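Here the structure comes first, spelled out in structure tokens, and everything after it is commentary.
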Amino acid sequence: MRYLPNGKQMSEADAHTIHKIGIPSLVLMERAALQIVETMHKKNISTEKSLIVCGSGNNGGDGFAVARLLTEQGKHADVLFAGKEASLSEECRCQKQIVENMGISVFTEFPDEEYTVIIDAVFGVGLCREITGHYKDVIDWMNLQDTEKVAVDIPSGICAATGEILGTAFRADLTVCMACVKLGCELFPGKSYAGESIPVAIGIDPNYFSNRLDVCYTFDKNELGKLLPARMMNSHKGSYGKVLMITGSPGMAGAAFLSACAAYTVGAGLVQIYTASENRLALQELLPEAIISCYDSYDDNQLSRLLDWADVVCIGCGLGMGQISEKILKNVLKNVSCPCVIDADGLNLLNGKIELLNQCRAPVILTPHMKEMSRLTGWSIDKIMEDRFQALDQIIKQSEPDTKSSIICVLKDSRTVVAQTNRQKFVNLAGNNSMAKGGSGDVLAGTIAGLLAQHMAPFEAAAVGVFLHACGGDEAKKSKGSYSVLARDLIQGMADAMKNAKECR
């Protein structure tokens with residue numbers, strides 16, 4: 001895993017390194033500048049004629065140091081000083097003085113010359129106000145230049161915590177991030193401004209964040225093989241769990257198929273679909289491996305027997321919003337004793353009744369998209385987008401502290417976040433826009449259920465399920481492109497991703 005700190009968290013790690021570990025700030029600045037120059041060379045960015053735009057803080061100090069290093073390498077480097085002399089940090093003042101002593105050109109007016117690269121070192125991770133006035137003019141001018149663009153740590157104008165654009169923002173092709181990629185460089189719209197974000201080591205240990213519950217983390221593709229549940233040589237279908245899929249109102253056999261097939265594909269031993277009678281024939285043809293149990297009306301005894309049978313329950317995919325569906329959901333929440341995934345119509349049925357979760361005696365995983373999250377919280381989608389982490393905290397705190405249940409929420413979006421009380425939040429960075437198709441959520445619900453059946457802990461099943469689902473989307477895009485991927489292709493994509501991950505271990 002790797003951590004995605006925000007600006008405040010990164011500043012605390014920086015201060016810990018300086019004051020507790022004892023590495024001076026100027027040493028960190030020198031290392032940062034060396035890594036920026038080395039990374040630009042590795043990425044074949046021409047530094048023959050560079051313009052470094054520096055602010056007054058330590059981000060600007062990094063920029064001044066870059067100008068000096070490039071000059072020492074025989075490159076032409078100019079500095080546009082966009083800050084205020086009176087606001088210079090001690091380290092930035094020192095680096096600026098060295099640059100001036102070397103005779104490197106430092107000016108405050110926009111140059112008429114053309115450059116091979118513009119390096120943004122105006123604002124660092126601490127920016128939390130809207131950019132206006134002279135600073136806005138500087139960033140807008142940089143964006144207009146027809147050349148390669150590199151940001152130091154984070155593009156100026158991006159909120160390091162939310163990815164919000166603070167009035168205006170520098171559009172980078174490459175962002176060289178100190179120690180860790182900042183959360184705002186991965187959340188949209190910040191991601192669109194950061195270009196390729198590369199973390200570099202400067203002496204700040206990322207493990208500083210390992211015990212910080214407020215810091216998010218993510219997975220990289222090379223970790224997938226280690227994340228998947230083990231397959232034992234001496235095993236049988238019972239070893240990998242029994243999944244009960246309560247899904248598929250009349251005419252919604254597709255949702256039942258996609259979720260059940262996904263659970264089987266990721267390794268579940270046995271899947272039973274509980275669905276409306278009208279779907280029996282279609283499902284028997286689509287997925288003969290599954291057990292099909294049907295209902296025509298609400299049957300309390302039948303449902304109780306199925307719940308006793310299951311190791312995992314997944315409810316909601318194509319379930320419908322009728323009275324039978326509502327009764328089934330209430331029964332499940334009251335009586336289920338194994339982990340339960342609630343998706344789609346299961347979430348819609350909780351609208352205005354989320355307190356029903358408090359009576360559940362087992363872990364519950366909710367998988368809302370933004371609109372479903374809006375219904376659950378009463379927040380507008382725009383408000384959730386502005387502070388998705390607070391919205392998640394509101395949902396996961398629904399469980400009473402004296403109950404056996406715990407709530408995990410998977411907030412689905414281009415950057416899906418998985419949250420549980422007293423856990424670091426997982427932010428998924430895999431996947432792509434080809435996955436924006438009907439049925440993709442059904443596949444995800446089945447994926448999480450299938451991992452749960454193999455004895456993964458609920459939070460880990462949710463986080464790995466989201467990541468595996470996204471890796472499947474990346475595999476599907478490789479074979480079918482951005483436009484033509486269907487939800488069923490994600491299932492094959494997951495199979496390919498798992499096979500490749502295990503073969504590469």
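Treat the numbers as computed from the prediction; the structure is a model and nothing was measured.
- With hydrogens and angles disregarded, no donor-acceptor distance shorter than 3.5 Å links the side chain of Asp442 to the backbone of Ala255.
- The structure places CD of Glu196 at 9.5 Å from OG1 of Thr39, a figure rounded to the nearest 0.5 Å.
- Under the side-chain contact (heavy atoms from CB on, under 4.5 Å) test applied with Tyr274, the options Ile291, Ile328, Leu307, Leu319 reduce to a single match, Ile328.
- A donor-acceptor contact shorter than 3.5 Å links the side chain of Asn143 to the backbone of Arg171.
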Apply side chain to side chain donor-acceptor pair (under 3.5 Å) to Asp120 and Ser156, showing your working. CA-CA 7 Å; Asp120 164 33; Ser156 293; 2.7 Å; yes

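- The main-chain N or O of Asp489 is never found under 3.5 Å from a side-chain atom of Gln492 such that the two would form a donor-acceptor pair.
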Using side chain to side chain contact (heavy atoms under 4.5 Å, CB included), reason through Ser406 and Phe459 one step at a time and then give a plain yes or no. CA-CA 10 Å; Ser406 60; Phe459 184 87; over 6 Å; no

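- Looking at heavy atoms from C-beta onward, Ile198 lies out of side-chain contact with Val176 at the 4.5 angstrom threshold.
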Report the C-alpha separation of Phe188 and Ser414 in whole Å, then their side-chain angles, then the decisive distance to 0.1 Å, and conclude whether the side chain to side chain contact (heavy atoms under 4.5 Å, CB included) test is met. CA-CA 8 Å; Phe188 289 97; Ser414 55; 3.4 Å; yes

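- Minimum heavy-atom separation, Pro199 to Ala179: CB-O, 3.9 Å.
- You'll find the side chain of Tyr208 stays beyond 4.5 Å of the side chain of Thr17, heavy atoms only.
- Between Leu244 and Ala310, the shortest heavy-atom distance links the atoms CB-CB, 3.7 Å.
- Side-chain atoms of Tyr483 and Ser434 include no donor-acceptor pair closer than 3.5 Å.
- Using a 4.5 Å cut-off on side-chain heavy atoms (C-beta onward), Val125 and Met178 make no contact.
- Distance check: Glu460 CD to Leu451 CG gives 11.0 Å after rounding to the nearest 0.5 Å.
- Between Phe467 and Phe219, the ring centre distance stays below 6.0 Å.
- Heavy-atom neighbours of Asn211 CG from other residues, nucleotides or ligands within 6.0 Å: at or below the threshold of 12.
- Between Asp311 and His455, every side-chain heavy-atom pair lies at or beyond the 4.5 Å cut-off.
- Inspection of the Gln394 and Thr377 side chains reveals no N or O donor paired with an N or O acceptor under 3.5 Å.
- Residue Ala65 comes nearest to Glu30 through the heavy atom pair CB-OE2, 4.1 Å, listed as atom of the first residue, atom of the second, then distance.
- Closest approach of Ala201 and Gln35 over heavy atoms only: O-NE2, 2.8 Å.
- Atom OG of Ser259 sits about 11.5 Å away from atom CD1 of Ile315, to the nearest 0.5 Å.
- Residues Cys216 and Phe389 are in side-chain contact: their nearest non-hydrogen atoms beyond the backbone lie under 4.5 Å apart.
- No side-chain donor from either of Glu38 and His41 sits under 3.5 Å from a side-chain acceptor of the other.
- Geometrically, Arg212 does not engage Tyr3 in a cation-pi contact defined by less than 6.0 Å to the ring centre and at most 45° from the axis.
- Proximity of the aromatic rings of Tyr193 and Phe170 is defined here by a centroid distance below 6.0 angstrom, and this criterion is not met.
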Walk me through whether Ser239 and Gln454 qualify under side chain to side chain contact (heavy atoms under 4.5 Å, CB included). CA-CA 7 Å; Ser239 304; Gln454 297 169 80; over 6 Å; no

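- The closest side-chain heavy-atom distance from Ile119 to Val53 is not below 4.5 Å.
- Rounded to the nearest 0.5 Å, atoms CD1 (Ile154) and CE (Met10) are 11.5 Å apart.
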Criterion side chain to side chain contact (heavy atoms under 4.5 Å, CB included) on Ile18 and Ile23, from CA distance to verdict: CA-CA 5 Å; Ile18 295 167; Ile23 302 176; 6.0 Å; no

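- Judged purely by atom type and a 3.5 angstrom limit, Lys425 has no side-chain atom pairing as donor or acceptor with the backbone of Asp214.
- With hydrogens and angles disregarded, a donor-acceptor distance shorter than 3.5 Å links the side chain of Thr447 to the backbone of Val443.
- Between Cys360 and Val336, the closest side-chain pair of non-hydrogen atoms falls below 4.5 Å.
- Judged by distance alone, the side chains of Asn348 and Asn351 never bring a donor and an acceptor atom under 3.5 Å apart.
- Between the side chain of Lys437 and the backbone N or O of Val485 there is at least one donor-acceptor pair closer than 3.5 Å.
- Side chains of Arg415 and Asn428: no donor on one and acceptor on the other come within 3.5 Å.
- Using modelled atom types, one side-chain atom of His469 and one backbone atom of Ser440 make a donor-acceptor pair closer than 3.5 Å.
- Distance alone, capped at 3.5 Å, is enough to place a donor-acceptor pair between the Ser479 side chain and the Ala476 backbone.
- Scanning all heavy atoms of the two residues, the minimum distance from Leu4 to Glu186 falls at CD2-CG, 4.2 Å.
- Side chain of Glu503 to backbone of Asn500: no donor-acceptor contact under 3.5 angstrom is found.
- Going from atom CE of Met1 over to atom OG of Ser210 covers 9.5 Å, rounded to the nearest 0.5 Å.
- Taking the charged nitrogens against the carboxylate oxygens, Arg388 and Asp393 have no contact shorter than 4.0 Å, which rules out a salt bridge.
- Lys149 has no carboxylate O lying under 4.0 Å from a charged side-chain N of Asp173, or vice versa, which leaves the two without a salt bridge.
- Side chain of Asn432 to backbone of Gly473: a donor-acceptor contact under 3.5 angstrom is found.
- Between Leu306 and Gln272, the closest heavy-atom pair is CD2-OE1, 3.3 Å.
- The CE atom of Met456 sits 10.5 Å away from atom CD1 of Ile448, with the distance rounded to the nearest 0.5 Å.
- The 12-atom threshold is not exceeded at CZ of Arg488, counting heavy atoms of other residues, nucleotides or ligands nearer than 6.0 Å.
- With a 4.5 Å cut-off on side-chain heavy atoms, Cys177 and Lys182 count as touching.
- Under the 3.5 Å distance criterion, with hydrogens and angles disregarded, no donor-acceptor pair is assigned to the side chains of Asp382 and Ser380.
- No salt bridge links Glu475 with Lys221; every basic N to acidic carboxylate O contact stays at or beyond 4.0 Å.
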